[in-house]
Amino acid sequence: MNFTQYDRIGERVYRKKLENGLELRIVPRPDYVRKYAFFATRYGGMDTRFQLNGQWLDTPPGIAHYLEHKMFDTPDGNALQDLAKNGAEPNAFTSNALTGYYFDSTRHFEENLRILLSFVSVPYFTKESVDKEQGIIAQEIRMIEDNPDWQIYHRMVQAMYARNTGRTAIAGTVESIREITADTLYRCHEAFYTPSNMILSVVGDVDPERVEEIAVEILPAIGGPVIPRDYGQEPPEVAAHELRRTMEVATPQFLTGFKCRPAEHGEAWFRQAIVGELASDLLLGESSPLYLRLYDSGLINSSFGGDYELLPGYACFYAGGDSRDARAVTDAILQEAAKIGGGQLDHALYQRVRRTIYGSYVRSFNSFETIAVSMTEGCFYGYDPFRFPEMFESITPEDVCAFLRENVTAENCVLSEIVPGDAGTEETPCAGV
Amino acid sequence: MNMMRKTIAEGVSLTCLPVSKFKTGILSAQFAVPLTASAAGAVALIPSVLRRGTVNYPDMGRLSERLDNLYGARMDDTVRKIGECQCAGFVASFLDDRFVPGGERLLEPVTALLGELLCRPVTENGAFVPAYFESEKANLLDAIGSIRNDKRLWAGRRLLSEMCAGEPYGVSRLGEEADADALEGPDLYRRYRDLIQSAPLELVYCGSASADEVEDALREAFSALPRVSVRTLPAVRPHEPRPDVLHVSDSMDVTQGKLELGFSCDSDDYMALLMGNTLFGGSSNSKLFMNVREKLSLCYYASSVFHRQKNLITVSSGIEFGNYQPAFDEIMEQLRMVQEGRWEDWEIDSARSLLLNSYASMGDAQGKLENFYLSRAVTGLPDTPEQLADMVRAMTPERIIEAMRTVRLDTVYFLKGKEAAA
């Protein structure tokens, strides 16, 4: 199998696309005892509307996550137990745009890999088993809904995006999951759990050729067709600028988000992700003048932080934490963004922020999980995450200023707050959602 | 891995874990003190006040600038509860020299900065800078308050505080709101001086540098540590068993109830209890997972934790308010199953494999190594991961049954909704 050597970060990656369309990625780690396999499909909470066999299907919110729960069932029992017998620690997660199944093991790697590939590619549901899951997932949803961090984030996204399905709650609602049937789950599996829509990543001391042989042996020989998806036609403006609700919390919390221009497929996606991170650190990272000023004045504390997220047709730059005056923090962010966007960039700070982000990228490759997820996203969106040093060098301060100028504006802004009080009292109705 | 441990100054011990496979090195410096309700808030506050500035880098801006220039080295202030001790200090993490563009060395400057943060804080009139003290005190109060935001965390905290009321183990790692609120600047500075003079200091390094290089860098960085006399740490007090089960409940505006059960254990066969707990609720194939969740669909999570240092087991679950009784009954039924040895071969095999897997792979994660060796040093429990793995291999069903039969229900905590309370 062919490999690429990345000397600047000390990595080697084996890559191959199998005849059935499966993408294989293997990162050898000879000094480690752990072996980690991550098998992912490009199918997540936002993929609710798609075309199968010439017909458009609308599926209930939460179905990708529901399917993830049910995939562990096999005709002989449960794959979790089969893996556990070998000492593997298996699990899975569903995000907006992918579902990933994985295990971590120190022994019996090949047998575990066979089990993983087999239970994910062969669906087995009955009406009884699907109905029984309702109670479990309903409790998972209740747990999530009681979490103020999730509420603030979800409400912000819902106000920011009126149509793009990135606004959908990944687990759905207690009501929406009642519509899920074994038949719909089979159809979703047929559409998305086909090798041509999937990627297998392995990190650890393994033989790449053996991984390929096992994948060829277990998975279907032919991949399915490309499935057209509809993420919704999104208007450029946000639906509401401010929303606030009360919950049983100790301190007021907030997120201020900005609806950004979505990224193009390919290297441009990766570039934009890094530009967004640089912009975030430069504007409001721990060494930025804004952070220091807000911290000194007691308007923020160490819970304050920001992030930048990209999904198909969707981009969001946000920051938040605990604050007694979220409006003042938001205004300060807008002013500072206008200042930097207008060209008043501290070049020494820019160089320092670059060093820090460079360090954090190298550091992130300590984590097998991060390596696997980055390779998966790189594969879906068309870039090579191991080329970050080169990508990094191609970015100029003007790219970062332009990013702030274009995206971090009052028109694009949504302020979502949770304040202490009895749950669910809506002080500012959120228009349009 | 050739772990090396030595005393490098009075009450200052260095644990060195030489490994070159990571992208980073980590260096941890932790003061250990007995956990007490009255001092917990002050001890928890010290690292965050120290993190505000040193003599050479007197504000956060200059500290951040320094860390940025060290390729985004991290200097995280940490507060941990380990057994009945409280550990407070910093964990530094920085790029391994191989990955630093231009071949710059980071171990020495990062170690120097760590020493400076602990030994040379910026002061005003012989105390911490009042503005730093006040703002970090407000942040600590917020952090204590926000435990309430995470209902699972909150319920677990409430269970331990009720179950171990009057014992150090019942004290939260951050202390209580009222004690933190009463803190004054001069007292905190005195407490800090006492810490650096008299509390055992544990240093843990994991990375590619040699033990000698690390020791040299640390001796230099901590040369100003004003050691007077160093106290020893007390042993953990066993939990006082209760004659009758204690029932406690709170009401909050929530949609999901949290059921927490605390059990005392009266066996000193540590590994038998750990394996028994793994069977009971310690994995995603445990009896609690398979029955309370998978068979009865009562919850999304139901799991248990064995608190080794205190010999307790706690169970945690999120359920509908109305399902209190069926969930409680099923949890107790599953405990009985373990106590009667009613499990299938694959269950014990998987519990054994899971523990062996976690000991075998510990060397693959720097954060786990640091926490493991710090805990080992602070609690004086001597086993290495290899020895623990041998104990797992030697475990028999008879020992598990005998140890698990000493497990008794002690305290039940239920967090319910406001309507359910009416």
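Throughout, a chain's letter reflects where its sequence line sits, starting with A, and its residues are numbered from 1.
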Is [X] close to chain A through its backbone or its side chain, or both, or neither, when contacts mean heavy atoms under 4.5 Å?
X: B/Ala73; result: backbone
X: B/Leu298; result: backbone
X: B/Arg152; result: neither
X: B/Ala138; result: neither
X: B/Lys258; result: side chain

Inspect the contact between [Y] and [X] and indicate whether a charged nitrogen and a carboxylate oxygen are less than 4.0 angstrom apart.
X: A/Glu140; Y: B/Arg293; result: no
X: A/Asp31; Y: B/Lys21; result: no
X: B/Asp142; Y: A/Arg324; result: yes
X: B/Arg52; Y: A/Asp296; result: yes

- Going through the checks in order, is the side chain to side chain contact (heavy atoms under 4.5 Å, CB included) test met by A/Arg363 and B/Tyr71? CA-CA 10 Å; A/Arg363 177 196 306 273; B/Tyr71 287 89; over 6 Å; no
Contact check, side chains of [X] and [Y], non-hydrogen atoms, under 4.5 Å:
X: A/Met247; Y: B/Asp253; result: no
X: A/Asn78; Y: B/Glu294; result: yes
X: A/Tyr291; Y: B/Ser64; result: no
X: A/Gln139; Y: B/Glu320; result: yes
X: B/Val254; Y: A/Arg142; result: no
X: B/Met252; Y: A/Asp146; result: no

If we ignore hydrogens and angles and just use 3.5 Å, is the side chain of [X] paired with the main-chain N or O of [Y] as donor and acceptor?
X: B/Asn149; Y: A/Val249; value: no
X: B/Asp68; Y: A/Thr356; value: no
X: B/Ser297; Y: A/Lys132; value: yes

- chain A: which of B/Leu296, B/Asp349, B/Asp345, B/Ile319 shares the most heavy-atom pairs with it under 4.5 Å?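 Most pairs with chain A among the choices: B/Ile319.
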Please classify the contact of [X] with chain B as side chain, backbone, both or neither, using a heavy-atom distance under 4.5 Å.
X: A/Leu292; result: side chain
X: A/Asn86; result: backbone
X: A/Phe368; result: neither

- Message: Please find the pair of heavy atoms, one from A/Gly10 and one from B/Phe99, that lie closest to each other, and give the distance.
- Response: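 Looking at all heavy atoms of both residues, the closest pair is N-CE2, 3.8 Å.
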